[in-house]
Amino acid sequence: MEIKRNWIALSKWFSTRPYITGIFVFVLLLIMVSFVLNLRYKYLEENRRREMSNIINVVHQNFEQVLKNSYTTTITLAMSINDEGVPDDFYKIAPQLVKSNDCIDAVQMVPDGVIKYIYPIKGNEAALGFDILHSDNLKQGALKSIETKLIYFAGPLELRQGGMGVVGRLPIFKENKFWGFSAVMIRMKTLLKATGIETIDDSKYYFQFSKINPYTGKEEFFLSNKEDFSEKYFQTMTVPDGDWKLYLIARDKNALLIQLTTSSIFGFLFSLICGLWVVSILKKPAELELKILQQTQKILQREQEFKTLFDQAPVGIVRLETSTGKFITVNDAFCKIVGYTEAELKELQFQKITHEDDIENDLKNIELIKKGDLNSLEVTKRYIHKTGRTVWVTLIVSKIWKKEKNVVNHITIVEDITERKRAEEELKQSFEVVSEQNKRLLNFSYIVSHNLRSHTSNIQSISSFLEIAETQKERDDMINLLKQVSHSLNETMSNLNEVVSIRTNINLTVEPLNLHDYIENAKVVLSKQMQSKFAKVQNLVAPEIEVLYNAAYLESILLNFISNAVRYSHPDRKPIISISYNEQEKTLTIKDNGIGIDLEKNGSKLFGMYKTFNNNPDSKGIGLFITKNQIDAMGGRIETESKLGVGTTFTIYFK
């Protein structure tokens with residue numbers, strides 16, 4: 001009762017002193033407005049930080065992409081150098097590299113540090129013959145590249161052919177000895193365009209990037225706006241391959257305060273008006289209902305504005321029940337992302353449309369939000385669209401209401417990034433294809449070098465003996481040997497040409513082929529060889545089976561495997577070759593009862609070039625090598641099972 005009496009007395013005291021009450025309300029609201037403005041400032045500051053972080057990350061990724069493309073180009077150039085240390089087909093390869101990389105203006109080969117090869121030559125004539133290792137400006141960067149054995153991007157610097165640009169040089173070593181550099185030249189204009197710096201709206205921010213001068217030790221800036229920005233807000237990232245530092249700088253250091261000026265004035269006026277309003281209410285109780293009605297209408301209008309923003313937002317917005325994951329409210333954008341209607345989603349939990357591999361991680365994050373360990377989080381995950389396809393999204397999740405220290409609801413902002421993910425995957429696959437091709441090219445170069453070296457060595461030895469031969473008979477013998485070596489060399493070149501043809505034919509014609517008929521045709525072609533050994537081929541493939549394959553490759557593969565089975569038949573029994581097809585696994589099995597192969601001893605070199613295992617004078621070691629290359633070229637693979645004295649089974653997997 002005493003408390004109630006005191007409360008009534010206090011209320012009466014304030015109601016009888018309208019001006020004191022108005023001042024009290026004004027001060028109280030001003031404090032609250034200041035608190036809200038402080039929160040607003042922090043919000044704007046965080047938004048600016050995120051926006052700048054996103055922008056600089058995109059540009060940094062573009063920088064990295066330019067450097068990766070440049071690195072791939074220099075690697076390709078380096079691999080064109082033959083055993084004599086001379087670039088093969090530089091002026092054939094270089095135009096293709098420049099044309100396929102918009103971010104590169106020219107490519108160079110720099111043996112012993114001197115620019116001897118450059119494409120395009122037009123406009124770059126001044127750079128030919130330039131000795132990098134004896135240039136005061138470039139020597140240090142070049143030596144650093146040689147020391148680390150990594151690509152290094154010199155510049156930005158004044159190019160000898162005019163203008164500013166950067167030059168990326170990859171050191172090349174042949175037999176652990178420095179050969180020179182393969183290099184790319186990128187003009188500043190091209191670099192700025194490729195990284196996207198020129199496309200950024202510069203009304204709020206601008207870019208700058210710098211490098212420590214190795215001679216003066218001072219930081220040098222290269223973009224046009226070189227005013228001191230140390231007092232401004234900026235973010236920075238480093239680009240290690242060029243020792244560059246990238247800055248994104250806010251143009252106006254007081255921009256956030258300026259944005260809050262209107263709100264501050266409004267807050268002050270609002271507090272003042274509220275104070276006067278209280279005075280007015282206390283002075284005129286009759287006007288109270290009208291004022292309340294006006295304020296209610298304003299609240300309803302703001303709620304309507306919020307609903308409009310919610311419904312028309314370009315990203316998905318979702319409110320969920322934290323404890324169950326049930327959808328409470330969703331906007332149209334989110335419905336389009338997942339393919340469900342609003343009514344259908346309100347009957348579901350988010351787990352029902354989440355990819356099964358992401359559910360566990362989602363539940364862990366929700367638990368952290370419920371416990372209060374996380375106020376918000378950003379995560380990438382997958383939804384399952386109503387049609388069944390996978391949708392990649394980025395989520396920003398924030399808790400929005402607590403009840404007894406437990407989060408009851410949370411709101412999620414959803415952005416569809418499916419296309420971006422697809423592009424990233426395609427880029428990754430392209431890089432893997434290029435890497436695999438480079439490995440194959442290097443391996444093939446070893447084969448060519450090894451096989452041709454033995455022939456050239458024999459020719460050189462025979463030529464030396466021919467010069468010192470004393471009798472005509474000795475000369476005739478040497479000439480006969482030279483003819484034999486020449487014939488062997490010609491045969492080797494023919495084999496290598498066939499392998500090159502397989503590996504470079506990337507546009508093979510593929511068509512539906514009747515597998516049963518091709519096996520029968522192979523039997524006809526090999527009929528004479530089969531009759532000589534009383535061989536029998538069992539064609540167990542159904543007559544209606546068709547495979548998508550290159551006709552010439554399929555014919556070559558069947559002829560090779562069947563002829564090998566006949567050639568290496570067991571001397572104590574008639575050859576039986578069984579050929580079958582598994583439709584479910586898309587595999588062709590060729591099984592024989594021949595002499596077999598010791599896979600433990602010879603398995604690793606079974607498909608190697610010129611590898612033979614049975615001392616057969618007709619065996620040249622090229623058939624299985626070419627067949628393996630043909631299967632690889634068609635995107636398939638082959639497995640082998642064999643036992644000495646029992647037979648061999650080859651299983652070909654079709655793509």
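On a predicted model such as this, the values are computed, not experimentally measured, just so you know.
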Less than 4.5 Å apart, any side-chain heavy atom of [X] and any of [Y]?
X      : Y      : value
Val107 : Val98  : yes
Phe63  : Leu246 : yes
Lys421 : Thr380 : yes
Tyr205 : Met52  : yes
Thr76  : Leu97  : yes
Cys335 : Val330 : yes
Asp362 : Phe350 : yes
Leu133 : Ile146 : yes

If I compare all heavy atoms of [X] with all of [Y], which pair ends up nearest, and what's the gap?
X      : Y      : value
His60  : Thr238 : NE2-O, 3.0 Å
Val66  : Ile186 : CG1-CD1, 3.8 Å
Ala333 : Val315 : CB-O, 3.4 Å
Ser145 : Tyr152 : CB-CB, 3.8 Å
Thr74  : Gly168 : CG2-O, 4.2 Å
Gly316 : Ile337 : N-CD1, 4.2 Å

Margin query: Going by side-chain contact (heavy atoms from CB on, under 4.5 Å), Lys381 matches just one of Thr394, Ile359, Leu395, Val391. Which one?
Written below: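 Among the candidates, only Leu395 passes.
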Item checked: Pair Ile353-Leu345, side-chain contact (heavy atoms from CB on, under 4.5 Å): steps then yes or no -> CA-CA 9 Å; Ile353 64 171; Leu345 287 171; 4.2 Å; yes
Rounded at 0.5 Å granularity, tell me how far [atom1] in [X] sits from [atom2] in [Y].
X      : Y      : atom1 : atom2 : result
Leu248 : Phe234 : CG    : CZ    : 11.0 Å
Leu191 : Ile104 : CG    : CD1   : 11.5 Å
Ile384 : Glu356 : CD1   : CD    : 8.0 Å
Ile413 : Asn331 : CD1   : CG    : 8.0 Å
Ile56  : Phe207 : CD1   : CZ    : 6.0 Å
Tyr247 : Phe221 : OH    : CZ    : 5.0 Å

So, are [X] and [Y] salt-bridged, with charged N and O less than 4.0 Å apart?
X      : Y      : answer
Glu344 : Lys386 : yes
Asp358 : Arg382 : yes
Glu378 : Arg50  : no
Arg422 : Glu419 : yes
Arg49  : Glu46  : yes

Assess, by modelled atom type and distance only, whether the side chains of [X] and [Y] contain a donor and an acceptor separated by less than 3.5 Å.
X      : Y      : result
Tyr119 : Gln108 : no
Thr324 : Glu321 : yes
Gln65  : Asn69  : yes

Checklist line | Donor-acceptor contact below 3.5 Å, side chain Asp416 vs main chain Thr418 | finding: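 Checking the backbone N and O of Thr418 against the side chain of Asp416, a donor-acceptor pair under 3.5 Å is found.
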For atom [atom1] of [X], is the number of surrounding heavy atoms from other residues, nucleotides or ligands below 6.0 Å larger than 12?
X     : atom1 : answer
Tyr71 : OH    : no
Asn57 : CG    : yes
Met32 : CE    : no

Next item on the list: Mind running side-chain contact (heavy atoms from CB on, under 4.5 Å) on Tyr340 and Leu348 for me, showing each step along the way?
Entry: CA-CA 10 Å; Tyr340 292 89; Leu348 298 175; 4.2 Å; yes
Next item on the list: Evaluate the criterion salt bridge (charged side-chain N to carboxylate O under 4.0 Å, His left out) for residue pair Lys346 and Glu342; output intermediate values, then yes/no.
Entry: CA-CA 6 Å; Lys346 286 184 176 180; Glu342 182 178 356; 3.2 Å; yes
Note to self: Once you measure the plane-to-plane angle for Tyr383 and Phe334, does it fall in the parallel (<30°), tilted (30-60°) or perpendicular (>60°) bin?
What the structure shows: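 Tyr383 vs Phe334 ring planes: perpendicular.
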Check: Within 45 degrees of the axis of the six-membered ring of Phe173 and under 6.0 Å from its centre: does Lys149 put its NZ or CZ there?
Finding: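 Yes, Lys149 lies over the aromatic ring of Phe173.
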Next item on the list: Starting from the C-alpha separation in whole Å, work towards a yes-or-no answer on salt bridge (charged side-chain N to carboxylate O under 4.0 Å, His left out) for Glu415 and Arg420.
Entry: CA-CA 11 Å; Glu415 180 186 3; Arg420 189 195 312 166; 3.5 Å; yes
Item checked: Candidate pair Gln351 and Leu363, rule side-chain contact (heavy atoms from CB on, under 4.5 Å), full reasoning -> CA-CA 9 Å; Gln351 297 95 320; Leu363 294 177; 3.6 Å; yes
Note to self: Walk me through whether Glu64 and Lys68 qualify under salt bridge (charged side-chain N to carboxylate O under 4.0 Å, His left out).
What the structure shows: CA-CA 6 Å; Glu64 294 291 340; Lys68 286 179 181 178; 5.9 Å; no
Item checked: Full working for side-chain contact (heavy atoms from CB on, under 4.5 Å) between Val184 and Arg169 -> CA-CA 7 Å; Val184 297; Arg169 299 187 181 90; over 6 Å; no
